Amino acid sequence: MPVAASLGAGLLLGLVGPVAEKWDSPFCVAVSIVFSSGWPWACYAFMVGRSRRSKIESALLASLGLAIGVVTYYVFKDINPTIPAGMEEATSVPAGMEPDTSGQSQILLWGAAAFVFGAPVGLMGNVARTPGVGGLLFRLVVPLTAFFEATQRLSVEADSEGTVFALTWNVTRVAACVAAVALIGHTVWSWRVRHGRVDGPPEAAEPVRRP
């Protein structure tokens, strides 16, 4: 994957959540919920690392792409704030209601976190290129992260967030399990095929020639 494509994907990652938040359809709400959570960002860093041959490039590009995504996410939300249902956009800001610098603090906080945690996740993606059982644990990082986050969100927030929220995270949890099973199955199948080729079929005994 070219460097520009990796960084461009980080920018798009930061736009998907807040853009989908602008529509009230259940599908857009679900997309906003997913891309405003953590596991798609971990998936992005992982895939960037997996696409690079160099471990150093994997770590640096994953961190930089995540940082670009975070900045894009909060800048877009600040420029295009979501207006709650039943309210109209005001042409002037009333006294005492001026926007604060919370968006800037969020950019600094989450941008630094993305840059720090993006490197190890990108490195895991690079190591996941190792074929067979050796790279399996690293290939399971994203499904396990998605399953863990979905379980936590359902146990803490499902009762107060509504049906779409619960359905979104239940589907995420099922999809994570299916992905994990598929990765394990593919690894086992590849291992058996590879060892079958190495062992090879037994050679037929040469017939005994009689004088």
Side-chain angles (χ1 to χ4, degrees), residues 1-23 27-28 30-80 103-104 106-149 168 172 175-176 178-180 182-187 189-191 193-194:
M1 182 186 298
V3 173
S6 299
L7 301 182
L11 188 146
L12 291 177
L13 177 67
L15 286 175
V16 173
V19 169
E21 194 179 43
K22 297 297 181 182
W23 285 273
F27 175 77
C28 290
V31 170
S32 176
I33 291 171
V34 169
F35 283 91
S36 297
S37 59
W39 75 263
W41 297 72
C43 181
Y44 163 79
F46 180 89
M47 294 306 297
V48 168
R50 190 176 173 86
S51 69
R52 313 303 298 182
R53 294 185 178 181
S54 167
K55 290 181 172 58
I56 296 177
E57 286 185 0
S58 297
L60 290 178
L61 281 180
S63 293
L64 185 57
L66 282 183
I68 290 174
V70 168
V71 172
T72 303
Y73 180 88
Y74 285 106
V75 167
F76 184 89
K77 287 177 74 73
D78 285 347
I79 295 176
N80 300 278
Q104 298 177 10
Q106 292 286 343
I107 290 176
L108 292 176
L109 173 63
W110 290 108
F115 199 84
V116 170
F117 290 104
V121 178
L123 188 59
M124 289 179 190
N126 184 274
V127 178
R129 294 162 56 98
T130 305
V133 180
L136 177 60
L137 183 61
F138 297 96
R139 290 192 288 274
L140 291 174
V141 165
V142 174
L144 291 177
T145 300
F147 182 86
F148 177 78
E149 184 176 10
T168 299
T172 300
V178 172
L183 287 171
I184 294 171
H186 180 267
T187 300
W189 178 79
S190 300
W191 181 85
V193 169
R194 186 166 58 252

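Every value quoted in this text rests on a predicted model; they were computed, and no experiment measured them.
Minimum interatomic distance between Ala67 and Ala114 (heavy atoms only, all atoms of both residues): N-CB, 4.1 Å. The two atoms that bring Gly122 and Ala62 nearest to each other are CA-CB, 3.8 Å, heavy atoms only. Taking all atoms of both residues into account, the shortest heavy-atom contact from Ser36 to Gly17 is OG-CA, 4.2 Å. When all heavy atoms are compared, the tightest approach of Thr168 to Ala30 is OG1-CB, 3.4 Å. Minimum interatomic distance between Glu21 and Ser32 (heavy atoms only, all atoms of both residues): CB-OG, 3.6 Å. Taking both residues in full, the closest heavy atoms of Val133 and Thr187 are given as N-CG2, 3.8 Å, listed atom of the first, atom of the second, then distance.
Although no hydrogens or angles enter the test, the distance criterion places a donor-acceptor pair under 3.5 Å between the side chain of Trp41 and the main chain of Phe35. Listed for the Ser58 side chain is a donor-acceptor partner under 3.5 Å among the backbone atoms of Gly49. With hydrogens and angles disregarded, a donor-acceptor distance shorter than 3.5 Å links the side chain of Arg139 to the backbone of Thr130.
The distance from atom CD1 of Ile56 to atom CG of Leu123, rounded to the nearest 0.5 Å, is 10.0 Å. One distance of note links OG of Ser6 with CG of Leu11; it measures 13.0 Å at 0.5 Å rounding. Taken to the nearest 0.5 Å, the CG atom of Leu7 stands 11.5 Å off from the CG atom of Leu12. Atom CD1 in Ile68 sits 11.0 Å away from atom CG in Leu13 (nearest 0.5 Å). Here OG of Ser54 is found 7.5 Å from CG of Asn126. Values are rounded to the nearest 0.5 Å. Considering NZ of Lys55 and CG of Leu60, their distance stands at 14.0 Å, rounded to 0.5 Å.
The side chain to side chain donor-acceptor pair (under 3.5 Å) search around Ser37 returns none, not counting sequence neighbours. Partners of Trp191 according to the side chain to side chain donor-acceptor pair (under 3.5 Å) rule, which considers only residues two or more places apart in sequence or in another chain, are His195.
Taking the side chain as every heavy atom from C-beta outward, Tyr44 and Val48 approach each other to under 4.5 Å. Taking the side chain as every heavy atom from C-beta outward, Met47 and Cys43 approach each other to under 4.5 Å. Annotation: side chain of Ser63 is not in contact with side chain of Val116 (no heavy-atom distance under 4.5 Å). Gln106 has its side chain out of reach of Val70: every pair of non-hydrogen atoms, C-beta onward, lies at least 4.5 Å apart. A heavy-atom distance below 4.5 Å is not found between the side chains of Tyr73 and Leu15. Considering only heavy atoms from C-beta on, Trp39 stays 4.5 Å or farther from Pro143 through its side chain.
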Show your working on side-chain contact (heavy atoms from CB on, under 4.5 Å) between Arg53 and Arg129 and close with a plain yes or no.
CA-CA 9 Å; Arg53 294 185 178 181; Arg129 294 162 56 98; 3.6 Å; yes
Please walk me through it: do Phe76 and Val19 pass side-chain contact (heavy atoms from CB on, under 4.5 Å)?
CA-CA 8 Å; Phe76 184 89; Val19 169; 3.6 Å; yes
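The stretch residues 57-76 participates, sequence neighbours left out, in these salt bridge (charged side-chain N to carboxylate O under 4.0 Å, His left out) pairs: Arg52-Glu57.
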